[in-house]
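Everything on this sheet refers to the single structure shown next.
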Amino acid sequence: MILTLAMELNTLKTAPEIERIRRGDPDAWDSVISQYQHRLYRYLLRLSGNPASAEDLFQQTWVRVMEKIGRYDANRDFDTWLFSVAHNLAVDQFRGRRIESLDAAPESGESAGERLKAESPDALDQLLESERAASLLACIKDLPAIHREVLALRFEEGMTLQEIARVASVPLSTVKSRLSRALEGLRTSVQLRFPRGEI
Amino acid sequence: MKEHESLRQLLPLAAAGVLGEEEQLRVERHARECDNCRHGLETWRALSRDLRRLPQPVVPARLVELTRVRVLQERTVAETRHQDELLLVCLALFSGISSSAVWYLLRLLFGSGLSVLGVDILSWTTWLAGSTVLVWASAAAAAVALGNRHRELRRALL
C-alpha cells in the first residue's frame, strides 16, 4: 500500500519533468535521472547481476529514452515504459552471452556486519536480518536472469503482473508462470544452500 | 484431493499477492482447513516478505552526473545529424528545381534542340539522366563529408 502510494506520488511528481524532456528542455534531465536512479539501477543490477553492466545499461537506457521520448505516449505509465526500454537494452546486451557469466561479480565486497553501526541498540537483530538478506541475495543470483527480473519487478518495484508483462513484452500467462517458477527455484536454491533452514 | 493439488500450486502466487480476488479467497479458505497448505502458505509469505526487504544497492557516485552529460552529448550529436539530414533533403530539392529551371531556360533560349557531341542535351530523357547522375554524385560527396563531420563531433564530445 505504502509502496503503491509512493510510486503514484513519484509519477505525479515526474509527469511535468517528462513533459519538459519531451519539449527538449535540457535542464529537466538531471531531475528525472535523479528521481529514477535508485529504482532503475537496482532493477538493472538484479537483472545483470553485475555492477559494471548495470552502470553501462543505466547510461544506455537514458540515451535511448532521449532518442525515443518523442514516441512516448504520455497516456502510458512512464515507469513501465522506462523499464521496458531498459529491459530491451539488457536483452540486446545479453544476447549471445552466457547468462552465467553475468553472475560472476559480487554486488558488494562489504560484509553485513561492516554495514552495521556498533552503537545501534538492536545491532544483533540487524546483523541477523542483514545476513539473512545477504544469503537470500546469494540464492537469487543462482536463478536465471528472467527469473531474477520478475522477482525484482514484483517484490522490489511492486509492479502488477500486467505491468511486468508490458515491461518484458510477454503475455500475462507467461509472467504468471515465470513468477511461480522463479519462487519455486528460489525456494529450492535456499533449501540447497541452507539445508538446516538458516534462512 | 485434486482441488488440494491445484490450490497447492497456487500458494507461491497467493503469497506474492498476484492472484485474482476469487482465487485468493479459495486458496486462503483451503489453507485454513489444510495444515500442510497453511504451513506452505506461511513459508511462501515469509519468503515474499524477505524479497521485499532485500538490501538496497548503492548507486555509484557520479553515475547520475555521467549519465546526464552523456545524454546531453548524444542529444547534440542527434540534433546535428537531424539538421544535416534536413539540409541534404533541402539541397536535393533545390538541385532538382534548379535543374528543371535551367532546362526550361535553355529550351527557351535554344529552342528544342542543343546538340553536344551529337547528343541532344535538351531532350527530356538526356537532361533527366545527366542531372540525376550529377545530383546523386553531389549527394554522395555531401553525405561522406557530413559523415566525417559527425565522427569528428562524436569524438570531440564523447
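Numbers restart at 1 for each chain; the letters A, B, ... are given by sequence-line order, proteins then strands. Every heavy atom of this structure was used, including side-chain atoms; hydrogens, water molecules and symmetry mates were not.
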Identify every side-chain donor-acceptor pair in residues 174-183 of chain A under 3.5 Å, counting partners at least two apart or on other chains, and give the distances.
unit_1  : atom_1 : unit_2  : atom_2 : d
S177(A) : OG     : S173(A) : O      : 3.4
S177(A) : OG     : T174(A) : O      : 3.1

How would you list, in number order, the residues of [range] that have a heavy atom less than 4.5 Å from chain A?
{"range": "residues 8-16 of chain B", "value": "Q9(B), P12(B), L13(B), A16(B)"}
{"range": "residues 31-46 of chain B", "value": "W44(B)"}
{"range": "residues 79-105 of chain B", "value": "none"}

In one Ile/Leu/Val/Met/Phe/Trp/Tyr side-chain cluster, 4.5 Å: [X], [Y]:
{"X": "L137(A)", "Y": "L153(A)", "answer": "yes"}
{"X": "L89(A)", "Y": "L45(A)", "answer": "yes"}
{"X": "W136(B)", "Y": "V133(B)", "answer": "no"}
{"X": "I140(A)", "Y": "I146(A)", "answer": "no"}
{"X": "V32(A)", "Y": "Y72(A)", "answer": "yes"}

*Run the numbers on Q56(B) and R39(A) for side chain to side chain contact (heavy atoms under 4.5 Å, CB included), then give the verdict.*
CA-CA 9 Å; Q56(B) 297 308 298; R39(A) 293 176 58 200; over 6 Å; no

_So which residue, T61(A), L186(A), L151(A), ends up with the most heavy-atom pairs under 4.5 Å with chain B?_
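Most heavy-atom pairs under 4.5 Å with chain B: L186(A).
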
*Hey, which of R64(A), Q60(A), Q37(A), E67(A) has the most heavy atom pairs under 4.5 Å with chain B?*
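Greatest number of close heavy-atom pairs with chain B: Q37(A).
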
*Look at A78(B), S48(B), G17(B) and state which one has the largest set of heavy-atom pairs under 4.5 Å with chain A.*
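The candidate making the most pairs under 4.5 Å is S48(B).
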
_Winner by heavy-atom pair count (cut-off under 4.5 Å) against chain A, out of L19(B), V71(B), L72(B)_ =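 Answer, by heavy-atom pair count under 4.5 Å with chain A: V71(B).
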
Could you pull out the closest heavy-atom pair between [X] and [Y], with the gap in Å?
{"X": "L63(B)", "Y": "Y41(A)", "result": "CD2-CD1, 3.9 Å"}
{"X": "L51(B)", "Y": "E156(A)", "result": "O-CG, 4.0 Å"}
{"X": "P55(B)", "Y": "R46(A)", "result": "O-NH2, 3.0 Å"}
{"X": "L54(B)", "Y": "A133(A)", "result": "CD2-O, 4.0 Å"}

Reported [atom1]-to-[atom2] distance for the pair [X] and [Y], which is rounded to 0.5 angstrom:
{"X": "M66(A)", "Y": "Q73(B)", "atom1": "CE", "atom2": "CD", "answer": "10.5 Å"}
{"X": "S31(A)", "Y": "R68(B)", "atom1": "OG", "atom2": "CZ", "answer": "11.5 Å"}
{"X": "Q59(A)", "Y": "L66(B)", "atom1": "CD", "atom2": "CG", "answer": "5.5 Å"}

*Is a side-chain N or O of R75(B) found less than 3.5 angstrom from the main chain of G24(A), in a donor-acceptor match?*
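Confirmed, R75(B) side chain pairs with G24(A) backbone.
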
*With a 4.5 angstrom heavy-atom cut-off, which part of L40(A) approaches chain B: side chain, backbone, both or neither?*
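For L40(A), no heavy atom lies under 4.5 Å from chain B.
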
